[in-house]
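Worksheet: the structure to be examined is printed underneath.
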Amino acid sequence: MAFVQFSQVSLAFADRDILKNVSVNLATGSKVALTGANGTGKSTLIKIMAGLMEPDSGERICQKDTRIAYLPQSGLTHQGCSLLEEADKAFEYGYEIQNEIDSIGEQLKSNPSNTDYLLERHAALLAKLENSGWYRRQALAESVLIGLGFSREDFSKQTQEFSGGWQMRIALAKALMQGPDILLLDEPTNYLDIEARNWLEVFLKNFAGGFLLVSHDRYFLDVTVNEVYELFNGELKCYPGNYTHYEKVREVELESLMKAYEEQQKEIQHLEDFIRRFGYKATKAAQAQERQKQLDKIVRIEIPETLKKIHFTFPPAPHSGQIVCRCSDIVKSYDGSRNVLDKLELLLEKGERLVVAGHNGAGKTTLLKILAGVDKNFTGKIELGSGVQIGYFSQDNAETICGKQSIIDYIESIAPLELIPKVRDMLGAFLFRGDDVNKTLDVLSGGEKTRVALLQLLLRPVNLLILDEPTNHLDMHSKDVLLKALKDFGGTVIFVSHDRGFIQGLATRVLELKPGSFRNFVGDYEYYMERVAAEEAGTVGDFTFATKAQSAQPRQNTPVSGDTEKSAGALSWEEEKRIAAEKRKKEKAIEKVENDIAKLEDEIKALQEQMGNPEVYSNGEKAKAVQSQISAKEEELEKLNSQWEELVSE
């Protein structure tokens with residue numbers, strides 16, 4: 001079995017311990033998430049595992065011939081060849097084996113004395129080459145590239161033509177195609193849209209080797225890993241189970257830690273107060289010195305900055321009409337020949353939380369810019385409802401936050417006069433505390449810029465939030481806080497996100513875009529995914545899109561359970577809404593019946609236990625009464641089971 005093992009690894013930067021006696025064992029079949037707050041040393045640990053950094057102390061043991069593939073967070077670029085040619089470099093291992101096979105073949109021609117050894121080595125190399133996927137490398141390359149979002153038209157493009165995000169996708173594709181024994185992936189989902197993330201989930205589930213990855217996408221981790229390593233104060237601790245299970249266990253541990261920390265802080269405060277009051281009084285000097293000794297002996301519990309939580313709520317949404325926005329015949333083209341948006345229709349009602357879904361290039365960001373009034377170069381009509389006030393967040397806006405101004409000066413310069421006294425408190429809620437408020441905009445990380453951009457949305461009340469990738473660069477806790485704030489927001493939300501857990505927690509409706517076409521789904525994201533999966537499996541409707549030009553064309557639909565169901569694209573807004581309401585009503589009815597069944601089964605079980613009581617079975621009257629109750633409840637249970645089957649079949 002291939003493995004890589006680290007024992008008692010330590011590393012310090014200046015006077016700060018990054019890793020303290022860390023031990024890790026990764027082997028074939030390991031499915032591990034590495035977690036910890038930003039700045040705790042996750043990337044450093046991965047680099048040591050990959051053999052790219054040397055620790056100050058400790059031991060690294062690697063099984064002979066174990067192959068490790070490593071993907072950093074960012075910074076990789078490719079140039080000088082086509083995409084397929086670059087992908088082929090991932091099979092360098094196979095080329096090396098093939099070269100050795102060819103060399104042995106040449107040696108065998110001269111009838112050497114070690115023929116048996118060469119033949120044995122030749123056979124072993126052929127087997128290794130077969131297992132490496134060498135003979136299927138072209139099909140594998142195409143499959144991985146398409147899975148990660150590249151098109152066949154991209155295969156012949158020069159790699160330098162791709163942007164930074166796509167450059168990292170190329171690097172990820174090469175890491176996966178190497179067929180390594182151990183995969184080390186540092187934030188592999190950062191540059192992936194949701195479709196590529198879904199494909200990567202399936203790949204990792206089926207991956208034969210072991211992997212360790214860092215990600216801030218909870219859903220992605222839950223479906224891919226079965227073990228979580230947390231790096232906390234330089235120490236590494238293992239938690240079996242998926243990420244959600246880890247969070248539950250860790251929450252209990254952190255409550256105990258915080259309680260111990262608070263108690264210790266009270267003790268420290270008490271000792272310091274005594275020393276400060278009596279340290280200079282001759283009559284109390286000895287006692288003060290004794291208190292100082294006690295204070296010096298205390299082993300301080302360190303609470304990282306990351307345990308200080310971001311918390312905020314949006315200002316109350318001003319009143320607006322029931323119809324928030326109506327889009328009619330929206331057409332947008334960048335080159336004049338291909339419409340990114342083609343006759344798009346959208347009716348948005350108050351309180352809805354609409355997610356715009358679709359592959360890269362489908363027009364999601366374009367639509368949000370048009371709705372926000374940033375892009376006015378389109379045809380069609382947009383009508384905002386009565387009293388609608390828009391707040392817009394985009395990743396572009398976050399990246400434009402730069403300059404020599406301090407954070408506090410920047411926020412005060414754009415805040416309304418009445419909010420200026422509250423700016424420091426608002427910054428504190430977004431984890432900019434103490435001297436952090438004096439950081440200049442130029443030195444902020446991506447996550448810090450995102451937090452500043454979100455803070456800007458709190459500076460004036462709005463009732464329509466338009467958010468383009470608001471979770472990028474946020475850690476999991478910050479995402480959770482943002483999700484709660486948006487769910488509690490009294491207005492309407494339109495958003496784009498590649499974080500499936502965030503979408504599932506927020507969206508009440510889905511607008512699906514493909515270049516030049518669109519569909520509305522009245523229902524949450526889970527319903528949308530189920531519907532699309534059913535269409536792809538051919539069990540419901542066809543994959544037709546709702547554009548005005550197509551709506552008049554006849555459609556062929558696949559029968560469902562003896563009925564004919566319209567394509568989702570052909571359904572009117574009112575009909576989609578009615579179907580979704582009926583679905584929710586039946587789901588609630590099923591849940592109620594299931595609860596009633598469980599309650600009845602418990603009651604029957606309790607009565608049957610009574611029948612085993614000597615006081616009951618020895619008394620004919622009591623036994624008869626209990627048996628009568630059991631029979632009545634069993635009859636009721638049979639009716640409920642029939643009712644449940646009928647509801648489920650519907």
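- Taking every heavy atom of both residues into account, G94 and L129 meet most closely at O-CD1, 3.4 Å.
- Under a 3.5 Å cut-off, the side chain of D524 and the backbone N or O of A507 do not form any donor-acceptor pair.
- Aromatic pair Y95/W134: ring centres closer than 6.0 Å.
- Residues F220 and L200 meet the side-chain proximity criterion, which asks for heavy atoms closer than 4.5 Å.
- A salt bridge between K20 and D17 is absent, with no side-chain N of the basic residue lying under 4.0 Å from a carboxylate O of the acidic one.
- For K31, the NZ atom is densely surrounded, since the number of other residues' heavy atoms within 6.0 Å is greater than 12.
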Q | Full working for side-chain contact (heavy atoms from CB on, under 4.5 Å) between L506 and F495 | A | CA-CA 10 Å; L506 183 61; F495 71 104; 3.6 Å; yes

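- Contact annotation: the side chain of V9 approaches that of P55 to within less than 4.5 Å [non-hydrogen atoms, C-beta and beyond].
- For the side-chain hydrogen bond (donor to acceptor under 3.5 Å, both in side chains) with R218, the lone residue among N242, D480, D499, T244 that qualifies is D480.
- The shortest side-chain heavy-atom distance between Q158 and Q79 does not fall under the 4.5 Å cut-off.
- No donor-acceptor distance shorter than 3.5 angstrom exists from the side chain of S30 to the backbone of F211, with no hydrogens or angles considered.
- Not a single donor-acceptor pair under 3.5 Å links the side chain of R509 to the backbone N or O of N520.
- The pair K364-E512 fails the salt-bridge criterion, with no side-chain N (NZ, NE, NH1 or NH2) lying under 4.0 Å from an Asp/Glu carboxylate O.
- Here D154 contributes atom CG and L148 contributes atom CG; the two are 12.0 Å apart, rounded to the nearest 0.5 Å.
- Side-chain N/O atoms of D468 and T365 include a donor and acceptor closer than 3.5 Å.
- A salt bridge is absent between E54 and R60: the closest approach of a Lys/Arg side-chain nitrogen to an acidic carboxylate oxygen does not fall below 4.0 angstrom.
- Between S497 and F502, the shortest heavy-atom contact is OG-CD2, 3.9 Å.
- With values rounded to the nearest 0.5 angstrom, K449 atom NZ is found 11.0 Å from I407 atom CD1.
- For the pair M476/L221, a side-chain contact is recorded, criterion being any heavy-atom separation below 4.5 Å from C-beta on.
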Q: Could you walk me through whether L184 and I68 pass the side-chain contact (heavy atoms from CB on, under 4.5 Å) test, one step at a time?
A: CA-CA 7 Å; L184 303 173; I68 299 174; 3.7 Å; yes

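- Side-chain atoms of Q73 and S43 include a donor-acceptor pair closer than 3.5 Å.
- By the side chain to side chain donor-acceptor pair (under 3.5 Å) test, Q160 is found to be paired with no residue, residues two or more places apart in sequence or in another chain being considered.
- Each of R197, M168, H498 was evaluated against L192; a single residue qualifies, R197, per the side chain to side chain contact (heavy atoms under 4.5 Å, CB included) test.
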Q.
Quick one, L454 with V452, criterion side-chain contact (heavy atoms from CB on, under 4.5 Å). Give me CA distance, side-chain angles, the key distance, then yes/no.
A. CA-CA 5 Å; L454 287 171; V452 171; over 6 Å; no

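- In this structure, CG in L346 is found 6.5 Å from CD1 in I494, a value given to the nearest 0.5 Å.
- For the pair V214 and T35, the minimum side-chain heavy-atom distance is 4.5 Å or more.
- Panel note: side chain R500, backbone I194; no donor-acceptor pair is recorded below 3.5 Å.
- Using a 4.0 Å cut-off between a side-chain N of Lys or Arg and a carboxylate O of Asp or Glu, E130 and R136 qualify as a salt bridge.
- What you find for P470 and L482 is that their closest heavy atoms are CB-CD2, 3.9 Å.
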Q: Decide yes or no on side-chain contact (heavy atoms from CB on, under 4.5 Å) for Q456 and F393, but give the supporting numbers first.
A: CA-CA 9 Å; Q456 290 179 226; F393 169 91; over 6 Å; no

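- At a threshold of 4.5 Å between non-hydrogen side-chain atoms, the residues F91 and Q178 do not count as touching.
- With sequence neighbours left out, E85 forms a side chain to side chain donor-acceptor pair (under 3.5 Å) with S82.
- The pair E253-R250 meets the salt-bridge criterion, since a charged nitrogen lies less than 4.0 angstrom from a carboxylate oxygen.
- Looking at D88, its side chain never comes within 3.5 Å of a backbone N or O of L84 through a donor-acceptor pair.
- Panel note: side chain D56, backbone A12; a donor-acceptor pair is recorded below 3.5 Å.
- For F432, the ring pair (Phe, Tyr, Trp, His ring centres under 6.0 Å) criterion is met by no residue, not counting sequence neighbours.
- G210 and F207 get closest at one heavy-atom pair: O-CE2, 3.4 Å.
- Atom CG of D193 sits about 9.0 Å away from atom CD of E469, to the nearest 0.5 Å.
- The closest donor-acceptor contact from the side chain of Q167 to the backbone of H78 lies under 3.5 Å.
- Taking a 6.0 Å sphere around CD of E92, one finds it holds 12 or fewer heavy atoms contributed by other residues, nucleotides or ligands.
- Below 30°, between 30° and 60°, or above 60°: for W166 and F162 the angle between ring planes is between 30° and 60°, a tilted geometry.
- Both tests pass for K332 against the ring of Y334: distance under 6.0 Å to the centre and angle within 45° of the axis.
- Within the 3.5 Å criterion, the main-chain N or O of P240 finds a donor-acceptor partner in the side chain of H245.
- Annotation for G241 and V228: closest pair O-CG2, 3.9 Å, computed over non-hydrogen atoms.
- Contact check on E230 versus K237 returns no salt bridge, with no Lys/Arg side-chain nitrogen under 4.0 Å from an Asp/Glu carboxylate oxygen.
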Q: Given salt bridge (Lys or Arg N to Asp or Glu O under 4.0 Å), test R531 with E535 step by step and report yes or no.
A: CA-CA 6 Å; R531 180 62 188 243; E535 288 174 341; 3.4 Å; yes

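- In this structure, the side chain of D222 engages the main chain of Y243 through a donor-acceptor pair within 3.5 Å.
- Between the side chains of S215 and T189, a donor-acceptor pair is found at a separation under 3.5 Å.
- Inter-residue side-chain proximity for D342 and F518 is flagged as unmet; no heavy-atom pair is nearer than 4.5 Å.
- Between K174 and E86 there is a salt bridge, since at least one side-chain N of the basic residue sits less than 4.0 Å from a carboxylate O of the acidic one.
- Within the model, atoms NZ of K439 and CG of D436 stand 4.5 Å from one another, a figure rounded to the nearest 0.5 Å.
- In this structure, CG in L45 is found 9.5 Å from CG in L11, a value given to the nearest 0.5 Å.
- Contact of the L368 side chain with the V356 side chain is registered, since non-hydrogen atoms from C-beta on lie closer than 4.5 Å.
- Across V340 and G363, no two heavy atoms sit closer than the pair CG1-CA, 3.4 Å.
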